J.: 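First, the structure itself, so that you have it in front of you.
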Amino acid sequence: MNSSLKVRFAPSPTGYFHVGGARTALYNWLVARKAGGKFVLRIEDTDETRNAEEWVEGIISALSWLGIVWDEGPYRQTQRSEFYQKAVDRLIDEGKAYWCDCTREQIDQRAKERGGPPGYDGFCRDKNRSRTDKTALRFKIPRPGVTVVHDKIRGDVVFDHDNLDDFIIVKSNGSPLFVLANVVDDIEMKITYVIRAEEHLPTTPKAILLFHALGAKDLPLFAHLPVLVNAKRQKLSKRRDRVAVEDYREMGYLAPAMVNYLALLGWSPGGDREFLTLQEMIELFDIEDVNHSPAFFDEQKMQHFNGVYIRQLDLDSFVSHCLPFLEKHDWWAGSGKQLQLFRQIAPMVQERVSLLTEAAEMVAFFFRPVEIPSDLVDSVLRKGESAAQILKDLSGIYAHLKRFTHGELNEVTRAYCDTIGMPLRKVQAPIRVALTGSKIGPPLFESIELLGKEVTLFRLAAARELIGTTQP
RNA sequence: GGCCCCAUCGUCUAGAGGCCUAGGACACUACCCUCUCAAGGUAGAGACACGGGUUCGAAUCCCGUUGGGGCUGCCA
């Protein structure tokens, strides 16, 4: 136990909260929980042109949904400007930063003329410019020099200062840039462990230089996680890829399933284990075991995980998890009668779906009139002459049934199959289509029982009429 | 271009020099079960990027090549 350990998750609210961020948050959280330390949520909203309040809310609700709870925060960098101002004053006083009025165009132009690599050349470094509304503050990289990042996942990574430009820490409009705000906050919040995505590795030497320049005595530990990639093996992007946590929630994913799947992207408990409770993850997780290479976010596998988690639910929780998805449909009134019916069919639905949205779709035929897709009318109901005959015969048989139970229905239908010499699986097809409008669904006889005699006979008659009236 | 990171089945991974004839999972194929569809069961196909070292022995260590990715912003 290391109760002084403190990690932070520092997303910027510039778009939907995506699964990569969720995984980073999860790993931070696991590290904190395992060590008995603290997990801080810090909203990095220093770029006012790209932030929106709705994204902040999105981050907060997604984390809450996943069960990743923070011990401190959410802090917002836009409300902490006095800390950054103090740091800036200090850096200027000590000659560790300078004002620069070069435009991007000028910088590029000089680089071109030089014929060297693009980037800032230190043009204003010794010009001693004073501040105007056109100057940005740059950090003076000590030259020559070398900075080593001791990364807990990747080992030591060496950066030569020759490859580090004097980077901007304050914009001309006065707001701090990411690296500065980041470091100032990490110092002030006493962050001891920085766990973030690999894309931040190249800026880490700059951060370390800032820590030193600001007189930080103990630097945090660093660990850089492999990024999550799409099918083309590019870093997951909120613009290009559909990866919003909120979307998956709406598709009917269970939070524990998603967390479990996410935990496995870049980490493994070892051996053949895949399904883990949060508690087990906390016990087994070790940041040093995290993989080094990018991981593809495989929705298919996550969906499989979700199916497993759905099947593990007890009936009550399955039903209550389905409720919000039922409520999205206009055929769902939420009456006690509907609820009772759903509850009866639920066990058979539960073992057939891997998404909660599928559950709602699978039971829709109970609650609204059937619509039989025309391709099914042709391929099933008008297939040969047998379908029409089956519909007619079974309508008659079902009409005379005294006990309209799945057991009875099963029995009489099988008996009918014997008399006409057809297998049940062939006979049930037209019945199912006539009753549900689909070739697939929950077990037929249970469905018929729950539909009730009246509706069943009505739909059977309607189907017969459909074939009859539309057939020449 | 420069700097940095990375490299086991299609995908996620197990693998800490002999336990590897390379294991599991998703996806895929076949079969079984079966009232459809799922679920479940059985079987199958499928990988150590390449080339050099080191070593009695390398998926595992080193170097190089190739390939992929990230960064290179008054974004984070």
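Below, chain A is the first sequence line, B the second, and so on; all start at residue 1. What you are looking at is a predicted structure, and each value in this text was computed from that prediction instead of being measured. Just so you know, these numbers use all the heavy atoms, side chains as well, and skip hydrogens, waters and symmetry mates.
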J.: Could you run down nucleotides 31-42 of chain B 5' to 3' and tag each one B, S or - for protein heavy-atom contact under 4.0 Å?
T.: ----BBBBSS--
J.: Among A/Arg143, A/Arg138, A/Lys96, A/Lys206, which residue meets the salt bridge (Lys or Arg N to Asp or Glu O under 4.0 Å) test with A/Asp166?
T.: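 The option that passes is A/Arg143.
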J.: By the definition salt bridge (Lys or Arg N to Asp or Glu O under 4.0 Å), identify the one residue from A/Glu48, A/Glu44, A/Glu53 that meets it with A/Arg76.
T.: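 Result: among A/Glu48, A/Glu44, A/Glu53, A/Glu53 is the only option passing the salt bridge (Lys or Arg N to Asp or Glu O under 4.0 Å) with A/Arg76.
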J.: How many Å lie between CZ on A/Phe275 and C1' on B/G24, as a whole number?
T.: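 So the two atoms are 12 Å apart, to the nearest Å.
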J.: State whether A/Arg42 places a side-chain N or O below 4.0 Å from either non-bridging phosphate oxygen (OP1 or OP2) of B/A76.
T.: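 No, A/Arg42 has no side-chain N/O under 4.0 Å of OP1/OP2 on B/A76.
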J.: For the P atoms, the ones on B/C56 and on B/G15, what distance do you get once it is rounded to whole angstrom?
T.: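 Between the two P atoms, the distance is 27 Å.
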J.: Find the distance between CD1 (A/Ile431) and CG (A/Leu424) and round it off to the nearest 0.5 Å.
T.: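 Answer rounded to 0.5 Å: 10.0 Å.
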J.: Distance from A/Gln428 atom CD to A/Lys439 atom NZ, nearest 0.5 Å?
T.: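 If we round to the nearest 0.5 Å, A/Gln428:CD and A/Lys439:NZ are 10.5 Å apart.
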J.: Given B/C4, is OP1 or OP2 found less than 4.0 Å from the side-chain N or O atoms of A/Asn163?
T.: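 Result: no.
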J.: Taking atom types as modelled, is there a side-chain donor on A/Ser175 or A/Asn173 under 3.5 Å from an acceptor on the other?
T.: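 Result is yes, a qualifying pair exists.
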J.: Can you tell me the base-pairing partner of B/C71? Count Watson-Crick or G-U wobble geometry only, both distances below 3.5 Å, and say none if there is no partner.
T.: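 B/C71 is paired, partner B/G2.
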J.: Identify which nucleotide among B/C4, B/C74, B/A76 has an atom closest to any side-chain atom of A/Thr46, counting heavy atoms from C-beta outward.
T.: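 Within the option list, the nearest is B/A76.
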J.: B/G44 and B/C62: how far apart are their C1' atoms, nearest whole angstrom?
T.: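 39 Å, rounded to whole Å.
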